[in-house]
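Remarks on the structure that follows.
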Amino acid sequence: MRIGLDARLAFYDRTGIGQYTRALLTYLPTVSTDQDLYFLFCDRQPFVNPWSDPRLNIVPIPRKQRILWTNFSLPPFLKAKQIDLYHGVCNFELPVRKVCPYVVTIHDLIPLFFPKLVPKKHLLLFHILMRWVARIADKIITDSNSSKKDILDRLGVPEEKIQVIYLAHHPVYRPIPDRNKIESILAKYRLNGKYLLFTGVLEPKKNLLRLIEAFYLLKTQINPHKDLKLVLVGGTGWGYTGAGENLPRLIEQRELKEEVIFTGYVPDEDLPYLYNGAELFVFPSLYEGFGLPVLEAMACGTPVVTSKVSSLPEIVGEAGKLINPYDPRSIAEGISEVLTNQTLRQSMIEKGLQRAHLFSWQRTAAETLAVYRSVTKG
């Protein structure tokens, strides 16, 4: 079988979809036969190819505009390479013209539920293309049952067309017993003492304004934790300093400049140490198709406080403390309970580790390959 994949985000992008693409390209060959060939279509020649498997073939198609690349540049190459199936890994990005069987991964429907939380250009393209892509795809993969329900409710496709395949965490996310090594990594980011951790793109849907308000309540009203810091790991995304999402201004107003630490982008090899060093991981997102950071935190043995909305309860199961993301007091009280109740904290650590073991990228890859074979009958 000759399988084409959208690999544009595989080499450079640090977001969840980039991680998803890299994981597929790493693990699909481990579950495939020697006759399965993969063609990695990109919009530029990558500087580094992390994969040595000869079945993975990089095909650069230079063009910057994403929609033009997908709809005009890509289709002739699908024909020229005699692709049996093409997998679009990023929501609505499939060619509108059918040139071979298509599989698409729809991670979430954020623009339909929270139109104010995405750029207007993205919102317009989503509305124009999403329903069409859902219709022409032979099979839709999605990351959770929560997202499957959203797709059924909003896009009107037959249920049998949708396959839920969970994501997973990289093996580097694990408990690290070497406290000296943890502290040496934390020192790079000038972290000492107790801290709460958030990781992810700093953007409106991550609900960071309410997290700051919750942290303020935690420091001043709810069983005050005077020495506690809040560490925000991640690059800035759309809306970070726009109207209604100016984090630095709110932090200054609440006099938290010394207590809230921005690390910016952190290399993948450092992240497990930041998870291991944290008192707990807090993720009050308003909507997630999966929520990979909560799984990474559980795999590191870090207690998780997260939202009781979208896919997040499905992913953490009984291992996490669920809060109302729209209520800063609920967020603060959830954090305080985990910090002060050692019995609860230890139970969450143990349940989180058990829960994380249920997810693996090899299983994700095997289930994805089964979808390919069901579409091509190959």
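A distance below 6.0 Å separates the ring centres of F11 and W51. Taking the six-membered ring wherever Trp is involved, the centroid distance between the rings of F281 and F283 falls below 6.0 Å. Aromatic ring centroids of Y20 and H107 lie under 6.0 Å apart.
Around CZ of R190, the count of heavy atoms belonging to other residues, nucleotides or ligands within 6.0 Å does not exceed 12. Within a 6.0 Å radius of CG in D53, more than 12 heavy atoms belonging to other residues, nucleotides or ligands are found. No more than 12 heavy atoms of other residues, nucleotides or ligands shown are found within 6.0 angstrom of CD on E252. Atom CZ of F72 has 12 or fewer heavy atoms from other residues, nucleotides or ligands within 6.0 Å. Surrounding NZ of K161 are more than 12 heavy atoms belonging to other residues, nucleotides or ligands, all under 6.0 Å away.
Using a 4.0 Å cut-off between a side-chain N of Lys or Arg and a carboxylate O of Asp or Glu, K148 and E159 qualify as a salt bridge. Remark: D43 does not engage K64 in a salt bridge, criterion side-chain N to carboxylate O under 4.0 Å. Taking a cutoff of 4.0 Å between a charged side-chain nitrogen and a carboxylate oxygen, E288 and K205 qualify as a salt bridge. A salt bridge does not link K229 with E258: every distance from a Lys NZ or Arg NE/NH1/NH2 to an Asp or Glu carboxylate oxygen is 4.0 Å or more.
Annotation: side chain of L230 is in contact with side chain of L211 (closest heavy-atom distance under 4.5 Å). Within the 4.5 Å cutoff, side-chain heavy atoms of L56 are placed close to those of P29. Side-chain contact between E333 and N324: absent, with no pair of heavy atoms (C-beta onward) separated by less than 4.5 Å. By the 4.5 Å heavy-atom criterion applied to side chains, M130 and L109 are counted as neighbours. Using a 4.5 Å heavy-atom cutoff, the side chains of S32 and L369 are in contact.
For the pair R154 and F113, the cation-pi test (distance below 6.0 Å, angle within 45°) is passed. Note that R254 lies in the cation-pi zone of Y216, set by a 6.0 Å cut-off to the ring centre and a 45° limit from the axis. A cation-pi contact links K98 to Y102, judged by a cut-off of 6.0 Å to the six-membered ring centre and 45° from its axis.
With hydrogens and angles ignored, the 3.5 Å screen pairs no side-chain donor or acceptor of D84 with any backbone N or O of I3. Listed for the D143 side chain is no donor-acceptor partner under 3.5 Å among the backbone atoms of F290. Between the side chain of W361 and the backbone N or O of A168 there is at least one donor-acceptor pair closer than 3.5 Å.
If you check the side chains of S147 and D150, you find no donor sitting under 3.5 Å from an acceptor.
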Given the rule in the ring-ring contact (aromatic ring centres under 6.0 Å, His included) test, do H169 and F359 qualify, once you have shown the distances and angles that lead to the verdict? CA-CA 7 Å; H169 57 89; F359 301 83; 7.8 Å; no
What's the verdict on salt bridge (Lys or Arg N to Asp or Glu O under 4.0 Å) for D327 and R329, showing C-alpha distance, side-chain angles and the deciding distance? CA-CA 5 Å; D327 181 4; R329 181 165 290 275; 5.9 Å; no
Stepwise side-chain contact (heavy atoms from CB on, under 4.5 Å) test for V104 and I141: CA-CA 6 Å; V104 66; I141 294 172; over 6 Å; no
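Checked options T302, V172, I185; the residue passing with P272 is V172 (criterion: side-chain contact (heavy atoms from CB on, under 4.5 Å)). With H87 as the fixed residue, the side-chain hydrogen bond (donor to acceptor under 3.5 Å, both in side chains) test singles out one of D6, T105, T368: T105.
Using a 30° and 60° split on the angle between ring planes, H170 and Y173 fall in the perpendicular class, above 60°.
In the hydrophobic clustering of ILVMFWY residues, with side-chain heavy atoms under 4.5 Å counting as a link, I61 and V99 come out together.
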